[in-house]
There are 2 protein chains.
Amino acid sequence: MAEVSIDDVAARAGVHRSTVSRAFSRPEAVNAATRKHVLEVAESLGYRVNPLAQALRRRASKLVPLIVPDITNPFYGELARTMAAAAADRGYQLVLCVTGGEVAQTNAYLTSLQEMYAPFGIVAPSTSVDLDELQNVALGSKVVVVDRVEQAQVPTVTVDSAEGIALAVDHLRGLGHRRIAYVSGISGAYTSRDRLAAYEGLAAELDMPAMILDAGTGPDVGERAAERLVRMTAEERPTAVIAANDMVAFDLISALGVRGVSVPSEVSVMGFDGLEFGARFNPRLTTIRQPIADMGVIAIDLAEKLLKDGETAHVVLAPDLLIRDSTAEVPR
Amino acid sequence: MAEVSIDDVAARAGVHRSTVSRAFSRPEAVNAATRKHVLEVAESLGYRVNPLAQALRRRASKLVPLIVPDITNPFYGELARTMAAAAADRGYQLVLCVTGGEVAQTNAYLTSLQEMYAPFGIVAPSTSVDLDELQNVALGSKVVVVDRVEQAQVPTVTVDSAEGIALAVDHLRGLGHRRIAYVSGISGAYTSRDRLAAYEGLAAELDMPAMILDAGTGPDVGERAAERLVRMTAEERPTAVIAANDMVAFDLISALGVRGVSVPSEVSVMGFDGLEFGARFNPRLTTIRQPIADMGVIAIDLAEKLLKDGETAHVVLAPDLLIRDSTAEVPR
DNA sequence: CCGATCTCAGCAATCGATTGCAGTCGCGGC
DNA sequence: GCCGCGACTGCAATCGATTGCTGAGATCGG
């Protein structure tokens with residue numbers, strides 16, 4: 001188990017260590033036969049290049065921070081999983097950074113990882129991350145942002161909110177719903193805002209009343225929205241609710257349950273995210289699915305493109321409709 | 001933004017770089033006045049020691065792998081969060097490694113991080129991790145295991161299954177339940193097994209029939225258990241079910257819902273884990289809470305103790321009962 | 001006043017790689 | 001036969017720290 005270094009390989013193969021180095025990192029710069037020999041010797045000794053030494057010299061490591069506000073939220077969990085896989089595919093090692101939504105934490109992580117020569121970072125911003133501020137931070141210019149909507153000087157990958165909301169409204173109207181409310185809130189406030197705008201736009205367009213049950217933030221959006229809903233008279237009460245994201249939908253359904261309102265028989269509820277967990281909720285959640293897996297690999301791609309060409313692209317993905325059991329025909 | 005190195009500080013402070021180094025890492029070895037001066041200069045230049053260079057020289061970095069089978073599962077999410085915080089407190093940086101339950105992945109991550117001179121690792125084993133095999137892997141001896149029950153040559157931190165199950169059964173019996181079934185399964189198979197044993201033991205002791213609805217693994221335990229339950233006659237059907245963990249409970253409740261069985265009015269269901277998400281489920285889940293936050297800091301403590309004294313402790317924590325809405329008095 | 005002891009800071013080797021520069025060797029052209 | 005050129009490879013500096021060893025002063029006792 002003694003660690004074998006490049007010099008060991010060099011000695012054993014009868015070449016200089018620079019040749020060993022080149023055999024690994026610049027194959028074309030070394031004679032094919034020599035290279036083969038070196039590689040064999042390395043293999044037989046169980047040599048592997050030391051990532052720290054390499055990073056120190058090259059001033060570029062393989063560590064990539066993924067910055068999320070809350071890993072407990074399955075949305076970020078799924079994001080982390082696909083991201084980790086995509087990163088590993090390209091030889092990177094994901095470093096998880098949980099900020100708890102604090103921008104100071106985000107900055108701290110970013111600088112800390114820059115000190116480890118991280119080539120770039122991925123950030124899934126919480127409410128308060130100010131992108132402009134991001135620019136001033138170490139590594140700030142080499143960052144790709146996921147699930148954030150505003151155009152910025154950094155690459156982004158998001159899902160088309162308008163399309164998603166349209167899908168949701170279509171689905172509900174197809175079931176006969178005409179009074180369709182909306183609940184905003186919690187994580188991903190920027191996305192929430194964007195989705196809210198889409199909802200309002202669509203409502204106007206379809207000449208449908210826009211009912212915002214709650215647009216606050218914090219952990220009890222569901223509670224407040226449910227409370228508000230049960231207080232309404234039968235005529236004004238919506239027959240369906242679209243939640244800004246799946247977590248809010250879960251929250252809402254739970255809070256409605258506490259108040260004796262059952263979903264979907266009395267109210268239909270839709271989410272937005274397409275979390276796998278939705279299939280295990282009670283009732284199984286109808287939702288707009290974001291292609292989270294794609295977001296992972298695309299984010300890494302964007303980052304590499306940014307490094308190579310300095311190109312700052314904004315990718316917008318299309319969501320799709322996932323019909324499960326939390327929506328039903330309008331009761332009458 | 002030019003990176004400032006130890007030599008810059010040395011030059012500016014008029015001392016040798018070794019003095020600067022000592023000012024940071026061995027305060028007692030340098031004159032107080034000199035040290036103060038050096039630190040001030042360092043501060044004014046914005047100097048921070050380069051973690052890579054330090055790790056390379058010391059052969060010990062601050063990177064700590066946390067190995068989990070599935071970060072999508074909120075249990076591991078919560079674990080990761082507390083672990084990240086505990087690690088950060090002590091100057092470590094958590095590296096998230098998601099294995100998908102494959103032992104080869106676990107080993108790959110462990111060796112990969114050992115190459116980065118990780119001082120130790122934390123593993124939350126999935127079903128198939130074989131601890132003995134762990135021993136043969138790089139870093140294998142410097143690992144602490146979380147949420148795993150068997151005694152081993154590595155430190156562990158777990159929760160007392162027997163006590164948890166006893167709490168659950170007590171609670172249910174207090175509500176009048178006499179036919180209390182159990183569903184095993186999914187993640188943390190070792191824990192599941194342990195909890196199952198506790199259930200069986202307690203059933204025997206209380207002279208209560210032991211009904212195992214399902215003891216399989218895989219993603220559809222809930223489905224199978226629900227199916228089995230609805231097929232039972234009214235006399236044999238349990239009035240309450242204890243699930244091996246919260247995720248199974250969610251799954252089960254959802255599957256029961258699909259089959260028209262409502263919780264808790266027809267059957268009470270309890271979980272085991274105490275996930276925060278349980279408070280947002282429908283109905284809000286009654287469960288046995290594990291002190292996950294404690295597990296995080298204890299795991300890090302154990303790891304440090306292992307490094308210093310070679311001491312291999314096994315910590316067993318006490319769970320507690322968290323009553324919410326998924327359990328009710330036995331219907332009659 | 002001298003030597004022993006102690007404290008502190010400098011020197012230089014080292015961790016494990018990368019890379020610009022220079023040198024070697026074979027070969028073809030004139 | 002000499003020179004230039006191309007293809008390799010070796011040399012040594014470098015990335016940014018740590019640390020054993022050495023030596024310079026200061027302190028102290030006799």
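These figures come from a predicted structure and were not determined experimentally. Lettering of chains follows the sequences in order, A, B, ..., and the numbering in each one begins at 1.
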**Message:** Evaluate A/R12 against A/D7 for salt bridge (charged side-chain N to carboxylate O under 4.0 Å, His left out), listing each step before the verdict.
**Reply:** CA-CA 8 Å; A/R12 192 87 154 65; A/D7 286 315; over 6 Å; no
Starting at atom [atom1] of [X], determine the distance to atom [atom2] of [N], rounded to an integer number of angstrom.
{"X": "B/D7", "N": "D/dC15", "atom1": "CG", "atom2": "P", "answer": "9 Å"}
{"X": "B/E28", "N": "D/dT19", "atom1": "CD", "atom2": "C1'", "answer": "13 Å"}
{"X": "B/D8", "N": "D/dT14", "atom1": "CG", "atom2": "P", "answer": "14 Å"}
{"X": "A/R17", "N": "D/dT9", "atom1": "CZ", "atom2": "P", "answer": "17 Å"}
{"X": "A/L56", "N": "C/dT19", "atom1": "CG", "atom2": "C1'", "answer": "14 Å"}

**Request:** Find the bend of the helix from C/dC1-D/dG30 to C/dC30-D/dG1 as the angle between its two terminal axes (five pairs each), to the nearest 10°.
**Result:** 60°
**Request:** Please list, by residue number, the residues of residues 32-50 of chain A whose heavy atoms come closer than 4.0 Å to an atom of DNA chain D; answer none if no residue qualifies.
**Result:** A/T34
Answer with base, sugar-phosphate or nothing: what part of the nucleic acid does [X] contact at a heavy-atom distance below 4.0 Å?
{"X": "A/A29", "answer": "base"}
{"X": "B/S21", "answer": "base"}
{"X": "A/V20", "answer": "nothing"}

**Message:** Between the base of C/dG16 and the side chain of B/R57, is one N or O donor paired with an acceptor at under 3.5 angstrom?
**Reply:** no
**Message:** Check this for me: does the side-chain of A/R58 come within 3.5 Å of the base of C/dT18 through a donor and an acceptor?
**Reply:** no
Any idea which of [options] is nearest the [X] side chain?
{"X": "B/T19", "options": "D/dT19, C/dA9, D/dG16", "result": "C/dA9"}
{"X": "B/I6", "options": "D/dT18, C/dG16, D/dT9", "result": "D/dT18"}
{"X": "A/H16", "options": "D/dT18, C/dC11, D/dC11", "result": "D/dC11"}
{"X": "B/R22", "options": "C/dC15, D/dC11, D/dC21", "result": "D/dC21"}
{"X": "A/Q54", "options": "C/dA17, C/dG10, D/dC11", "result": "C/dA17"}
{"X": "A/R59", "options": "D/dG16, C/dA12, D/dT19", "result": "D/dG16"}
{"X": "A/S5", "options": "C/dG16, C/dC8, C/dA13", "result": "C/dG16"}

**Message:** Go nucleotide by nucleotide along DNA chain D from the 5' end; which of B/R26 and B/A53 gets its closest nucleotide reached first?
**Reply:** B/A53
**Message:** Is it the case that the side chain of A/D8 and the backbone of A/S5 share a donor-acceptor pair, with hydrogens and angles ignored and the cut-off at 3.5 Å?
**Reply:** yes
**Request:** Answer yes or no: is there a donor N or O on one side and an acceptor on the other, between the side chain of B/S21 and the main chain of B/R17, under 3.5 Å?
**Result:** no
**Message:** For B/Y92, give me all partners under ring pair (Phe, Tyr, Trp, His ring centres under 6.0 Å), at least two apart in sequence or on another chain.
**Reply:** B/F120
Taking all atoms of both residues into account, what is the closest heavy-atom pair of [X] and [Y], and its distance?
{"X": "B/T99", "Y": "B/P69", "result": "OG1-CA, 3.3 Å"}
{"X": "B/P119", "Y": "B/K142", "result": "O-CD, 3.6 Å"}
{"X": "A/H16", "Y": "A/S18", "result": "ND1-OG, 2.9 Å"}

**Request:** Before accepting this row, confirm whether a basic side-chain N of the pair A/R81/A/E276 lies closer than 4.0 Å to the acidic partner's carboxylate O.
**Result:** yes
**Asked** Which of these, B/T82, B/L317, B/T158, sits in a side chain to side chain contact (heavy atoms under 4.5 Å, CB included) with B/M295?
**Response** B/L317
**Asked** Please walk me through it: do A/K308 and A/E304 pass salt bridge (charged side-chain N to carboxylate O under 4.0 Å, His left out)?
**Response** CA-CA 6 Å; A/K308 213 171 2 172; A/E304 295 193 314; over 6 Å; no
**Message:** Can you work out whether B/N31 or A/F24 has the more 5'-proximal nearest nucleotide on DNA chain C?
**Reply:** B/N31
